[in-house]
*Asks:* 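This is the structure I want to talk about, given as structure tokens.
Order of listing sets the numbers, starting from 1, for every ligand and every atom in it. For clarity, every value in this text was computed on a predicted model and none was experimentally measured.
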Amino acid sequence: METVTLNNGVEMPVLGFGVYQIPPAETERAVADALAAGYRSLDTAAAYGNEEAVGRAIRSSGIPREDLFVTTKLWISDAGEEKAARAFETSLRKLGLDHLDLYLIHQPYGDVYGSWRAMERLQHEGRVRAIGVSNFHGDRLVDLMDHNEITPAVNQVETHPFHQRTADQELMRERGVQIESWGPFAEGRNGLFTHPVLTRIAAAHDKSVAQVVLRWLVQRGVVVIPKSVRAERMAENLDVFGFRLTDDQMEAIAALDTGRSLFFDHRDPEMVSRLGNFVLNV
Ligand code: NAP
């Protein structure tokens with residue numbers, strides 16, 4: 001597996017497995033299948049409600065801990081220095097791990113500065129190898145890094161052919177932050193899997209649209225964590241390193257950018273309020 005080197009020297013697989021919207025009862029089987037297919041990086045979150053199932057699949061896989069890269073995320077209702085430190089312990093306990101590879105602030109709301117101080121301490125103590133954020137627009141990202149000690153290693157943001165984040169990626173590159181895509185397939189919205197441009201490029205390589213999209217992201221230097229509950233798609237999504245898109249094909253995909261989210265705007269006051277009022281039951 002190809003890796004990227006984060007700003008503190010930690011190596012992160014460029015392709016991992018995401019478990020958002022996999023029901024807890026199905027997650028252990030899905031993660032076990034993903035590990036058997038060859039995935040070594042797993043992306044979960046306290047808010048997904050499936051950390052325990054991810055942990056069970058890790059334990060029963062028998063894969064050495066040092067071969068895995070495990071990410072989870074801090075939810076808004078746990079923001080703040082003390083609450084974040086407690087939430088970290090809860091996530092670790094649920095995952096059955098003694099350290100995390102990457103801990104992310106899930107949303108840019110609530111007391112993110114308090115959370116970040118707790119996370120900096122956890123990194124200094126060696127409880128987490130790298131810390132980062134998710135869904136941070138450039139202004140919030142720069143403000144956080146300019147007024148704290150540790151620069152986020154990663155910013156996980158919605159990134160797919162219809163919302164490409166090239167300017168955001170450039171800012172992150174300048175500032176030493178690795179961009180990571182969530183929703184690489186836009187969860188299938190906008191007819192992604194049957195899009196004529198993507199279908200044409202896929203046919204030229206004898207690959208699927210999913211493989212072309214992942215290849216395009218990886219070729220741009222974007223870390224990807226596609227989700228699937230089906231073993232054959234897990235294998236398909238992993239098989240994106242044996243071909244290369246041409247400059248013309250990269251440009252054809254670049255032309256699909258709408259510059260807008262297909263999900264929601266993280267600056268929409270109604271969404272900020274709605275997400276901020278979602279309290280996790282732990
Ligand atoms: P996604 O990976 O863009 O799309 C998943 C959808 O694509 C599922 O419906 C899946 O169906 C289908 N699919 C997967 N592989 C396919 C293939 N080869 N051919 C056809 N269909 C395929 O969506 P996502 O799960 O939202 O994003 C990926 C990960 O990013 C998440 O699991 C999560 O870890 C992370 N994420 C983070 C945030 C955040 O706020 N930080 C938000 C959203 C997601 P099947 O499962 O039926 O195969």
Side-chain angles (χ1 to χ4, degrees), residues 12-13 15-24 26-27 29-31 33-34 37 39 41-51 53-54 69-76 91 95 101-109 112 132-137 140-141 152 154-165 168 178-195 198-199 202 207-218 222-240 261-266 271-272 274-276 278:
M12 177 178 190
L15 196 154
F17 183 68
V19 300
Y20 178 45
Q21 289 172 335
I22 306 183
E26 221 188 310
T27 302
R29 192 274 311 156
V31 173
D33 285 352
Y39 290 83
S41 172
L42 302 171
D43 181 89
T44 184
Y48 300 170
N50 55 17
E51 287 171 313
V54 171
F69 190 99
V70 182
T71 302
T72 194
K73 313 185 192 82
L74 174 77
W75 187 247
I76 306 162
S91 284
L95 286 160
D101 295 280
L102 181 62
Y103 197 36
L104 302 179
I105 294 182
H106 201 151
Q107 303 286 353
Y109 312 134
V112 294
V133 297
S134 178
N135 298 308
F136 275 52
H137 280 289
R140 292 198 178 225
L141 183 67
V154 167
N155 186 15
Q156 184 184 111
V157 291
E158 177 189 347
T159 313
H160 49 70
F162 309 120
H163 192 25
Q164 302 192 2
R165 316 301 290 255
D168 291 319
Q178 174 62 49
I179 185 171
E180 179 176 23
S181 151
W182 67 250
F185 307 136
E187 295 179 6
R189 292 183 189 197
N190 253 18
L192 179 134
F193 292 114
T194 52
H195 193 284
L198 300 173
T199 306
K207 292 283 176 187
S208 68
V209 164
Q211 288 171 318
V212 164
V213 168
L214 294 174
R215 178 69 222 173
W216 165 74
L217 285 163
V218 165
V222 178
V223 169
V224 289
I225 43 167
K227 169 260 176 190
S228 176
V229 294
R230 307 185 201 196
E232 70 279 8
R233 287 181 177 171
M234 294 174 192
E236 176 186 328
N237 295 346
L238 206 49
D239 180 21
V240 300
S261 170
L262 257 55
F263 294 84
F264 64 87
D265 179 357
H266 278 82
M271 275 315 296
V272 175
R274 196 183 314 164
L275 286 177
F278 174 63

*Asks:* If you measure every N or O of Phe185 against every N or O of ligand 1, does any of those distances drop under 3.5 Å?
*Replies:*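 For ligand 1, there is an N or O atom that lies under 3.5 Å from one belonging to Phe185.
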
*Asks:* For ligand 1, which atoms have a heavy atom of Gln156 less than 4.0 angstrom away?
*Replies:*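 Counting from 1, the qualifying ligand atoms are 35 (C), 36 (N), 37 (C), 38 (C), 39 (C), 41 (N).
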
*Asks:* If every non-hydrogen atom of Pro23 is compared with every non-hydrogen atom of Gln21, which pair is closest and at what distance?
*Replies:*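 The pair with the smallest heavy-atom distance is CD-O, 3.5 Å.
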
*Asks:* What is the minimum heavy-atom distance between Phe193 and Val209, and which atoms define it?
*Replies:*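 Residues Phe193 and Val209, closest heavy atoms: O-CG2, 3.5 Å.
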
*Asks:* Please report the closest heavy-atom contact between Arg140 and Tyr109, naming both atoms and the distance.
*Replies:*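 For Arg140 and Tyr109, the tightest heavy-atom pair comes out as NH1-CD2, 4.4 Å.
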
*Asks:* Can you pull out every side chain to side chain donor-acceptor pair (under 3.5 Å) where at least one residue sits in residues 180-195? Sequence neighbours excluded, please.
*Replies:*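 The answer is Asn135-Trp182, Gln156-Glu180.
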
*Asks:* With heavy atoms of Ala186 as the reference, note each atom of ligand 1 found under 4.0 Å away.
*Replies:*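 Under 4.0 Å from Ala186, ligand 1 has these atoms: 3 (O).
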
*Asks:* Are any of the N or O atoms of Lys227 closer than 3.5 Å to those of ligand 1?
*Replies:*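 Yes, Lys227 has an N/O under 3.5 Å of an N/O on ligand 1.
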
*Asks:* Please give me the minimum heavy-atom distance between Asn155 and Phe136, naming the atom from each residue.
*Replies:*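 What the structure gives for the nearest pair is ND2-O, 2.9 Å.
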
*Asks:* Give the residue, atom name and distance (to 0.1 Å) of the protein heavy atom nearest atom 31 (C) of ligand 1.
*Replies:*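 Sorting protein heavy atoms by distance from atom 31 (C) of ligand 1 puts Tyr20 CB, 3.4 Å first.
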
*Asks:* For the pair Arg29 and Glu26, find out whether any cationic side-chain nitrogen is under 4.0 Å from an anionic carboxylate oxygen.
*Replies:*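 A salt bridge is present here (some side-chain N lies under 4.0 Å from a carboxylate O).
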
*Asks:* At under 4.0 Å between heavy atoms, is it the side chain or the backbone of Val209 that contacts ligand 1, or both, or neither?
*Replies:*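 It is neither part, as no heavy atom is under 4.0 Å.
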
*Asks:* Among all protein heavy atoms in this structure, tell me which lies nearest to atom 15 (N) of ligand 1, with the distance rounded to 0.1 Å.
*Replies:*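 Going by distance alone, atom 15 (N) of ligand 1 is nearest to Asn237 ND2, 3.0 Å.
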
*Asks:* Show which atoms of ligand 1 fall inside a sub-4.0 Å distance from at least one heavy-atom site of Arg230.
*Replies:*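 In order of number, 47 (O), 48 (O).
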
*Asks:* Students should be able to answer this: which protein heavy-atom is nearest to atom 27 (O) of ligand 1, and at what distance?
*Replies:*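 Checking every protein heavy atom, the shortest distance to atom 27 (O) of ligand 1 gives Gly183 N, 3.0 Å.
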
*Asks:* So how far is it from Leu192 CG to Thr199 OG1, rounded to the nearest 0.5 Å?
*Replies:*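 It comes to 9.0 Å.
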
*Asks:* Give, for atom CE of Met271 and atom CD of Gln107, the distance between the pair rounded to the nearest 0.5 Å.
*Replies:*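 The CE atom of Met271 sits 8.0 Å away from the CD atom of Gln107.
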
*Asks:* Spell out, as yes or no, whether a donor-acceptor pair under 3.5 Å connects the side chain of Asn50 to the backbone of Pro24.
*Replies:*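 Answer holds: no.
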
*Asks:* For Pro226, state whether at least one heavy atom is located under 4.0 Å from any atom of ligand 1.
*Replies:*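 Yes, that is the case, since the closest heavy atom of the residue is under 4.0 Å from the ligand.
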
*Asks:* Please state which protein non-hydrogen atom is closest to atom 4 (O) of ligand 1 and give its distance, to 0.1 Å?
*Replies:*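 Nearest protein contact, heavy atoms only, for atom 4 (O) of ligand 1 is Glu187 CA, 3.5 Å.
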
*Asks:* Going by distance only, is there an N or O of Val19 that falls short of 3.5 Å from an N or O of ligand 1?
*Replies:*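 Between Val19 and ligand 1 (N or O atoms, distance only) the closest approach is under 3.5 Å.
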
*Asks:* Just need the protein heavy atom nearest to atom 48 (O) of ligand 1, so name the residue and atom and give the distance.
*Replies:*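 Result for atom 48 (O) of ligand 1: Ser228 OG, 2.6 Å.
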
*Asks:* Looking only at distances, can you tell me whether any N or O atom of Ala210, backbone or side chain, sits closer than 3.5 Å to an N or O atom of ligand 1?
*Replies:*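 The answer is no, given that Ala210 and ligand 1 share no N or O pair closer than 3.5 Å.
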
*Asks:* Decide, yes or no, whether a salt bridge links Asp43 with Lys227 under the criterion of side-chain N to carboxylate O below 4.0 Å.
*Replies:*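 Answer for the salt bridge query: no.
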
*Asks:* Closest non-hydrogen protein atom to atom 42 (C) of ligand 1, residue and atom name please, with distance?
*Replies:*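 The protein heavy atom lying closest is Trp182 CD2, 3.2 Å.
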
*Asks:* Any atoms of ligand 1 less than 4.0 Å from a non-hydrogen atom of Asp43? List them with their elements.
*Replies:*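 Selected atoms, number and element: 33 (C), 34 (O), 35 (C).
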
*Asks:* Atom 22 (C) of ligand 1: which protein heavy atom is closest, and how many Å away?
*Replies:*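 Answer for atom 22 (C) of ligand 1: Phe193 CZ, 3.5 Å.
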
*Asks:* Indicate, as side chain, backbone, both or neither, the part of Ser134 found under 4.0 angstrom from ligand 1 when only non-hydrogen atoms are considered.
*Replies:*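 The side chain, only.
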
*Asks:* Yes or no: does Phe263 have any heavy atom under 4.0 Å from an atom of ligand 1?
*Replies:*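 No; Phe263 lies far enough from ligand 1 that no heavy-atom distance drops under 4.0 Å.
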
*Asks:* Taking only heavy atoms of Asn135, which atoms of ligand 1 are found under 4.0 Å from at least one of them?
*Replies:*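 Numbered from 1, ligand 1 contributes 39 (C), 40 (O), 41 (N).
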
*Asks:* Looking only at non-hydrogen atoms, find the nearest pair between Ala45 and Thr72 and report the distance.
*Replies:*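 The pair with the smallest heavy-atom distance is CA-OG1, 3.2 Å.
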
*Asks:* Can you report which non-hydrogen protein atom sits closest to atom 16 (C) of ligand 1, along with the distance?
*Replies:*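 The closest one turns out to be Arg233 CD, 3.5 Å.
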
*Asks:* Does any N or O of ligand 1 fall below 3.5 Å from an N or O anywhere on Ser181, backbone included?
*Replies:*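 Ser181 vs ligand 1: no N/O contact under 3.5 Å.
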
*Asks:* Does any N or O of ligand 1 fall below 3.5 Å from an N or O anywhere on Gly188, backbone included?
*Replies:*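 The answer is no, given that Gly188 and ligand 1 share no N or O pair closer than 3.5 Å.
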
*Asks:* With sequence neighbours excluded, tell me which residues meet ring-ring contact (aromatic ring centres under 6.0 Å, His included) with Trp75.
*Replies:*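 Scan of Trp75 (ring-ring contact (aromatic ring centres under 6.0 Å, His included), adjacent residues dropped) gives His106, Phe278.
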
*Asks:* Would you say the side chains of Thr44 and Glu51 form a donor-acceptor pair under 3.5 Å?
*Replies:*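 No, Glu51 and Thr44 have no side-chain donor paired with an acceptor closer than 3.5 Å.
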
*Asks:* Checking side chain to side chain donor-acceptor pair (under 3.5 Å) between Ser261 and each of Glu158, His266, His163, which is the one that passes?
*Replies:*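 In the set Glu158, His266, His163, the residue that makes a side chain to side chain donor-acceptor pair (under 3.5 Å) with Ser261 is Glu158.
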
